Amino acid sequence: MLKTHTCGELRTGHAGQRVTLAGWVNRRREHGGLIFIDLRDRWGITQVVVDASRTPEAHALALRVRGEYVLQVEGVVQVRAPEAVNPDMPTGEIEVQAERITILNPARTPPIEIAGEHEANEEVRMRYRYLDLRRARMQRNLILRHQVTLYIRNFLSERGFVEIETPILFKSTPEGARDYLVPSRLHPGKFYALPQSPQQLKQLLMVAGYERYFQIARCFRDEDQRGDRQPEFTQLDLEMSFVEREDILNLIEELMTRLIEDVSDKRLVTRPFPRLSYAEALERFGTDRPDVRFGLELTDVSDIVARSEFRVFTGTVEAGGKVRALVAPGCAEYSRRQIGELEDIARDAGAKGLATVAVRADGTLRSPLAKFFSEDVMAELIAAVEATPGDLILMVADTPSLVNEALSALRVELARRLNLVDPDEMSFCWILDFPLFEWNEEENRWDPSHHMFTSPRPEDTPLLDTDPGAVLSQQYDLVCNGYEVAGGSIRIHNREIQEKVFALIGLDVEDARERFGHLLDAFEYGAPPHGGIAAGLDRLVMLMAGEPNIREVIAFPKTQRAADLMASAPSEVDPEQLEELHICICLDKKPAGSGKGS
RNA sequence: GGGGGCGUAGUGUAGUGGUUAACACGCCGGCCUGUCAAGCCGGAGAUCGCGGGUUCGAAUCCCGUCGCUCCCGCCA
């Protein structure tokens, strides 16, 4: 080893010891005959002192040293004088008196500040990701990520789970997200697909008798990006045999609870995790992934406002729509402009407008709607939403789904404005009892709302024949701080039910064989009852690290346009490579020069 | 596919039609033996993302384009 100690471990107890450190120059302070070098490695920073009067050779070398040079320093640990102690550093009570310095490698001035406080923009950070990753923030995040995966592996292994790798080169199934395709050299004109998740494979592992499987699995989806979505991402994927919903929920709840408590500095506020039905989540929060760190719940006021003279409301209710309300506490004196900003949010979500009633501190009302409401109806409305003086009532009238979208967006924005969100809190909740199907207007058929192997609740199976829209499933989602962090289900293992589901989603037996033959065959050879869940590891680590997007917890993420700015991927390839793969490029007729036809 | 924000020295920003494009950090040089975001003095560094247009004159206005980002669609 080129070092005897790390830059984070020396303390007063090491005083007098001869040590060798190696690392990067975090900062250098030159005082003529005395030079201070803050030497940094993965474990910390230690101050090195070079004294011209004691070690002229080392001092001469230190004069040439610059930021991010890679050094090896041999010297003696000495306790600092009391007035020279730096209480902000773990190693601040000691320093290393350098006797010999070796420049292991010089460094160009980096394009981004590694020790400084200026955050470079993402383009520069991505282009020089290896420098970005040198910064404390990224080191902390990636080390946390390692601790999380290690914890998960140990936790599951202790409970009898086996980690099994599944193929990255697999079969395209045109359900769900767009596949990333890989051309086959040996099979001209044919393609592999990168897995969107190991869903089918883990079910096959249950048929294979492993009973408890998990994998930290890379997944690929060729869809547009978001702050919490990358083209390749990582799932904690697991599946169990001979289990019921309750078993999976308890396992994951224990894992999450202990994981957060043991490896993060976040606080868990909701334990046990609250359980909401899908219907209840929409009713109370307007979304199936509510942030439950704060209240601001919605109230249905359709029946009350139907008795007003306000035609937008009465008309909406008559047409089968809903009018729902959200109370913004203490916002009665919001300016016209502030209310306008809230209205813009509602409109962005698809609402046609935003109705407001301000209940002033003195009890008087300020509302464009006042003239359409009798005193009684208005009083009933205020009572129903439990508004108190100083509050602002926000109402949206439209179809239930549009009302929910607009109000849940407003709810999140208000929480932000009113500072109701504690960033150190992680609040989980389970969402249960999803509908098994969603009606697809365009195709005039039912779509699975999760996937086609999700089991209906046993008590609902008779409804498959009579009222498919009313069938609730054994799907469960785990939500944390408004993010969906895990989702899974108990699967169908009964052939008759599976065929009914296929029929309802318009998949005839032939199609099903074509796409899932291997799985259907397998199910005929003794498939145990089974179920599982997949958790978004990137999102989970993001929340634990307190980061605003998953790029901050991925070593080499891609940009919104799915590019790697450091390596310049994707890139063109040699014609010979294409020829070998039997591939012809056929670009759209677009203006030349972009090189990015589709 | 659509909508919003951003793009000015290495980095972060200011500058919204008129001298030589400003400030901080960083960088280079000098001074300095107790600093730790060291300090003081001096210096270099920008075809204002790119292309076109309007104008006597464009970082600034207009059109196009590229890149980063947020959101909608999309993501079973």
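Quick caveat, the model's predicted, so the values are computed rather than measured. Here is the naming used below: chain letters follow the sequence lines, and residue numbers restart at 1 for every chain.
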So, do A/Arg129 and A/Met566 sit near enough that their side-chain heavy atoms are less than 4.5 Å apart?
-> yes
Return the value, rounded to whole Å, for the distance between atom CG of A/Leu63 and atom P of B/rC28.
-> 12 Å
Contact list for RNA chain B against residues 401-415 of chain A - heavy-atom distance below 4.0 Å = none
Under a 4.0 Å N-O cut-off, is there an ion pair linking A/Asp228 with A/Arg539?
-> yes
Length of the line joining A/Asp564:CG and B/rC68:P, which is rounded to integer Å = 11 Å
Indicate, with a heavy-atom threshold strictly under 4.0 Å, whether A/Arg178 touches base, sugar-phosphate, or nothing.
-> nothing
Heavy-atom closest pair, residues A/Glu413 and A/Ile345 = CG-CD1, 3.2 Å
Any donor-acceptor pair under 3.5 Å linking the side chain of A/Arg245 with the backbone of A/Ser489?
-> no
Go through the steps to decide whether A/Phe453 and A/Phe516 satisfy the test ring pair (Phe, Tyr, Trp, His ring centres under 6.0 Å), and finish with yes or no.
-> CA-CA 11 Å; A/Phe453 306 111; A/Phe516 305 109; 5.4 Å; yes
Minimum-distance nucleotide to A/Arg226 side chain [options: B/rC71, B/rU33, B/rC75] = B/rC71
State whether A/Asn121 places a side-chain N or O below 4.0 Å from either non-bridging phosphate oxygen (OP1 or OP2) of B/rU69.
-> no
For A/Thr454, report the nucleic acid contact type (base, sugar-phosphate, nothing); a contact means any heavy atom under 4.0 Å.
-> nothing
Which value, rounded to the nearest 0.5 Å, describes the distance between A/Gln199 atom CD and A/Thr166 atom OG1?
-> 11.0 Å
Check: B/rU69 base within 3.5 Å donor-acceptor of A/Thr559 side chain | no
Does the ring of A/His31 lie flat against the base of B/rA38, closer than 5.5 Å centre to centre with planes under 30°?
-> yes
Watson-Crick or G-U wobble partner of B/rC56, both distances under 3.5 Å | B/rG18
Pairing partner of B/rC25 (Watson-Crick or G-U wobble, both distances under 3.5 Å) = B/rG10
Distance-only, no hydrogens or angles: does the A/Lys202 side chain make a donor-acceptor pair with backbone N or O of A/Leu238 under 3.5 Å?
-> yes
If you look at every strand shown and take non-hydrogen atoms under 4.0 Å, does A/Glu83 touch a base, only sugar-phosphate, or nothing?
-> nothing
A/Asp348 atom CG is separated from B/rG73 atom P, nearest whole Å, by 12 Å
Does any donor-acceptor pair link the side chain of A/Glu119 with the base of B/rU11 at a separation under 3.5 Å?
-> no
With heavy atoms under 4.0 Å as the rule, sort A/Gly227 into base, sugar-phosphate or nothing.
-> sugar-phosphate
Tell me which residues in residues 32-44 of chain A put a heavy atom below 4.0 Å from RNA chain B, sorted by number, or none.
-> A/Gly32, A/Gly33, A/Leu34, A/Phe36, A/Asp38
Any salt bridge between A/Arg137 and A/Glu552, counting N to O under 4.0 Å?
-> yes
When you check the phosphate oxygens OP1 and OP2 of B/rU35, does a side-chain N or O of A/Arg29 lie under 4.0 Å from one of them?
-> no
Are any side-chain N or O atoms of A/Asp460 and backbone N or O atoms of A/Leu463, one a donor and one an acceptor, separated by less than 3.5 Å?
-> no
So which nucleotide does B/rA38 pair with, by the Watson-Crick or G-U wobble rule with both distances under 3.5 Å?
-> none
Give the nucleotide from the list B/rG73, B/rC68, B/rG29 with an atom nearest to the side chain of A/Arg561.
-> B/rC68
Once you round it to whole Å, what is the distance between C1' of B/rU69 and CZ of A/Arg125?
-> 12 Å
Within 6.0 angstrom of A/Trp430 CH2, more than 12 heavy atoms from elsewhere = yes
Describe the nucleic acid contact of A/Arg551 in one word from base, sugar-phosphate, nothing, applying a heavy-atom distance below 4.0 Å.
-> sugar-phosphate
Counting N and O atoms only, with roles assigned by atom type, does the side chain of A/Thr91 sit under 3.5 Å from a partner on the main chain of A/Ile45, one being a donor and the other an acceptor?
-> yes
Distance in angstrom units between A/Arg108 CZ and B/rC27 P, rounded = 15 Å
Is there a donor-acceptor contact under 3.5 Å from the side chain of A/Glu223 to the main chain of A/Arg178?
-> yes
Pick base, sugar-phosphate or nothing for A/Val85, based on heavy-atom distances below 4.0 Å to the nucleic acid.
-> base
A/Val65 backbone acceptor or donor facing A/Arg28 side chain under 3.5 Å | yes
Distance check: side-chain N/O of A/Arg66 vs OP1/OP2 of B/rC28, anything under 4.0 Å?
-> yes
Given atom CG of A/Asp344 and atom C1' of B/rC70, what is their separation to the nearest angstrom?
-> 16 Å
Base, sugar-phosphate, or nothing for A/Gln560, non-hydrogen atoms under 4.0 angstrom?
-> base
Is A/Glu30 side chain donor-acceptor paired with the B/rC32 base, going by distance under 3.5 Å alone?
-> yes
No-hydrogen, no-angle side-chain donor-acceptor test under 3.5 Å, A/Asp41 and A/Thr6 = no
If we call it a pair only when both distances are under 3.5 Å in a Watson-Crick or G-U wobble match, what pairs with B/rC74?
-> none
Answer yes or no: is there a donor N or O on one side and an acceptor on the other, between the side chain of A/Arg491 and the main chain of A/Gly531, under 3.5 Å?
-> no
Check the distance between B/rG67's P and A/Tyr128's OH and give it to me in whole angstrom.
-> 18 Å
Would you say the side chain of A/Arg80 and the base of B/rC36 hold a donor-acceptor pair, judged only by whether the two atoms sit under 3.5 Å apart?
-> yes
Separation of atom CZ in A/Arg28 from atom P in B/rU33, rounded to whole Å = 15 Å
Of A/Asp447 and A/Ala81, whose closest RNA chain B nucleotide lies nearer the 5' terminus?
-> A/Ala81
For the side chain of A/Ala177, starting at C-beta, report the closest nucleotide among B/rC71, B/rG34, B/rC75.
-> B/rC75
Most 5' of A/Ala120 and A/Glu95 on RNA chain B, judged by nearest nucleotide | A/Ala120
Quick tally for nucleotides 21-26 of chain B: nucleotides whose base has a protein heavy atom under 4.0 Å get B, sugar-phosphate-only ones S, the rest -, giving ----B-
Choose from B/rC36, B/rU69, B/rU33 the nucleotide whose nearest atom is closest to any side-chain atom of A/Asn86.
-> B/rC36
Identify whether any heavy atom of A/Asp51 sits under 4.0 Å from a base atom; if not, whether one sits that close to sugar-phosphate; answer base, sugar-phosphate or nothing.
-> base
